[in-house]
2 protein chains.
Amino acid sequence: MNKDERSFLINMLERHDNLSDEERQAIIALPARMRSFASGEELVAEDSRPEEACLIVEGFAARAQYLANGKRQISAVHIPGDFVDLHSMLLKTMDHAVIAVGPCRAAFVPHGNLRRLTETHPHLTRLLWHTTLVDAAIQRAWIVSLGRMSAEQQMGHLLCELYTRLRAVGVIEGDSFDFPPTQAMIGDMLGMSTVYVNKTLANLRSTGYVEWQDRRVRIVDYERLAEMAEFDPRYLNLWREPR
Amino acid sequence: MNKDERSFLINMLERHDNLSDEERQAIIALPARMRSFASGEELVAEDSRPEEACLIVEGFAARAQYLANGKRQISAVHIPGDFVDLHSMLLKTMDHAVIAVGPCRAAFVPHGNLRRLTETHPHLTRLLWHTTLVDAAIQRAWIVSLGRMSAEQQMGHLLCELYTRLRAVGVIEGDSFDFPPTQAMIGDMLGMSTVYVNKTLANLRSTGYVEWQDRRVRIVDYERLAEMAEFDPRYLNLWREPR
DNA sequence: CGGCGCGTTGATTACTGTCAAACGGTGTGG
DNA sequence: CCACACCGTTTGACAGTAATCAACGCGCCG
């Protein structure tokens with residue numbers, strides 16, 4: 001990994017706790033294969049048994065699962081610094097695909113190297129484990145959103161989540177960010193039809209809390225948006241709490 | 001932990017990989033406080049910062065999150081052998097409550113002891129990490145269910161999940177099992193109103209694949225139920241795949 | 001007996017999906 | 001340069017799904 005690429009992972013892990021120089025070196029020493037993907041392309045296939053784990057370096061990716069009737073559900077959106085399928089190191093078979101949401105770049109790190117790291121570095125292991133637990137907390141928030149929130153709340157919650165996470169990795173410019181999915185993809189995230197996504201989006205825009213055009217989202221009034229969507233960022237564990 | 005209680009955890013972990021005698025001893029040596037709960041009682045409160053992790057020994061528990069309007073969403077159902085809030089060891093603050101679904105018994109294990117275990121036993125750490133990853137895979141399946149499945153499929157999927165997991169821990173008698181939640185609680189699991197749960201349940205019963213009365217579920221035709229609900233148990237990682 | 005919790009049913013309302021059509025931008029070939 | 005196809009967005013009409021409201025039955029327990 002070069003400086004740019006490793007910095008995302010190191011920042012990600014340091015967000016939660018300090019790394020020693022030795023730990024930082026161990027991460028920098030990880031081999032990584034960089035690859036680029038066009039929107040909609042598959043980074044990792046469902047039911048595959050990857051030999052590498054995939055770290056997003058630029059752009060967005062998503063976890064997607066396909067149903068018999070051709071429908072699709074996205075269960076997470078990933079941003080730079082996210083180890084999308086770190087779990088594949090232990091679970092072996094992918095229960096979902098990973099697809100590019102807009103053009104993206106990813107680093108693929110061999111499981112073997114990661115595994116050796118976990119055998120020799122308990123503290124790093126705990127930090128990696130921690131990232132997968134935050135990931136699970138995000139999934140729980142999606143379950144609540146899908147199960148009990150209005151369409152507008154769901155969409156607002158998603159935007160708040162992304163806004164907050166993107167700001168934590170420092171890729172927010174001012175109060176706006178690029179978000180490239182089509183409305184059909186957003187429907188797959190929120191469990192809605194494309195048409196209804198469009199109408200919900202129109203409602204959301206009419207509140208004035210959010211502007212969203214040409215794949216660019218601007219959070220005009222975060223406070224009210226968060227209140228409306230019952231978004232409380234604590235579950236993202238973005239503050240520092242060393243162990 | 002006495003023999004009965006520890007056996008669930010050991011079985012749980014050994015389901016995935018063999019434990020050495022030393023590892024088994026280390027688990028048996030863990031201190032545990034046993035507690036019993038009545039249906040609906042809270043084992044762990046939302047927003048609390050537990051000092052112990054909670055292992056279900058008997059009965060069912062669920063993760064629940066509450067919304068401003070008083071609604072509730074359950075994001076997971078737990079059975080004997082499940083470490084419901086192992087993540088609280090690393091995440092510190094609970095993003096959900098844990099409630100009893102029917103009467104249940106749980107062992108509370110201090111975080112400090114678990115943490116020391118992870119510092120000295122990389123292999124056990126990996127197995128514990130693994131259980132949290134399976135947990136996350138189950139949550140992904142719930143997301144797909146909530147987002148894209150019909151009410152009948154959702155209910156069928158939940159029953160298949162429970163049937164399969166319960167069989168893995170050996171608490172299925174024949175083809176049926178006790179499942180004590182009220183229809184209101186089931187609504188909180190599936191994101192439905194109580195009335196609609198009742199009507200969906202009637203539809204499901206009319207297929208003949210399932211019988212469900214007096215808190216007892218009987219899986220009459222698992223094959224067809226699984227097909228109807230697009231249930232594929234591979235994501236539960238119940239087979240053995242040592243690392 | 002009477003209240004309460006839970007399950008069940010029917011009527012009504014609200015939400016969301018499907019179908020269909022039109023609009024605008026973009027890239028390609030003639 | 002224009003015509004055209006393609007993709008994504010937007011809009012309206014309609015159908016199906018699910019929530020809400022209300023009432024009733026049943027068993028349990030004080």
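Below, read A as the first sequence line, B as the second, and so on, with proteins coming before strands; counting in each chain starts at 1.
- Ring geometry, A:F231 versus A:H157: the interplanar angle exceeds 60°, so the pair is classed perpendicular (tilted spans 30 to 60°).
- Nearest to the side chain of B:K199, among C:dG17, D:dT20, C:dT8, sits D:dT20.
- Listed by first and then second residue, the ring pair (Phe, Tyr, Trp, His ring centres under 6.0 Å) pairs that reach into residues 40-69 of chain A are A:F60-A:F179, sequence neighbours excluded.
- B:N198 has no side-chain polar atom (N or O) that falls below the 4.0 Å cut-off from OP1 or OP2 of C:dG7.
- Atom CG of A:L146 and atom P of C:dC15 are 18 Å apart (whole Å).
- For C:dG7, neither phosphate oxygen OP1 nor OP2 lies less than 4.0 angstrom from any side-chain nitrogen or oxygen of B:R205.
- Electrostatic pairing of A:R215 and A:D178 does not count as a salt bridge here, judged by no charged N lying under 4.0 Å from a carboxylate O.
- Using cut-offs of 30° and 60° for the angle between ring planes, the B:F108 and B:F37 rings count as tilted.
- Of all nucleotides listed (C:dC6, D:dA22, C:dT18), C:dT18 comes nearest to the side chain of A:K71.
- To the nearest angstrom, P of C:dG7 lies 17 Å from CZ of B:R216.
- For B:M192, counting side-chain heavy atoms from C-beta on, the closest listed nucleotide (D:dA19, C:dA20, C:dG10) is D:dA19.
- With B:R63 as reference, B:D135 is the one residue of B:D188, B:D135, B:D85 to meet the salt bridge (Lys or Arg N to Asp or Glu O under 4.0 Å) rule.
- In this entry the distance linking CD of A:Q183 with C1' of C:dG25 reads 15 Å, nearest Å.
- Rounded to an integer number of Å, the gap from OH of A:Y196 to P of C:dA20 is 22 Å.
- Between A:A202 and A:R215, the residue anchored closer to the 5' end of DNA chain D is A:R215, taking for each the nucleotide with the nearest heavy atom.
- Counting any heavy atom pair closer than 4.0 Å across all strands shown, B:T182 reaches sugar-phosphate atoms only and no base atom.
- Among the protein residues, B:G191 comes within range of the sugar-phosphate backbone only, with heavy atoms under 4.0 Å from sugar or phosphate atoms but none that close to a base.
- Atom-to-atom, CD of B:Q213 to P of D:dC26 comes out at 16 Å; the value is rounded to the nearest Å.
- Put simply, CH2 on A:W212 is 11 Å from P on D:dT10, counting in whole angstrom units.
- Going from atom CE of A:M155 over to atom P of C:dT16 covers 11 Å, rounded to whole Å.
- No contact: A:G187 has no heavy atom under 4.0 Å from any strand.
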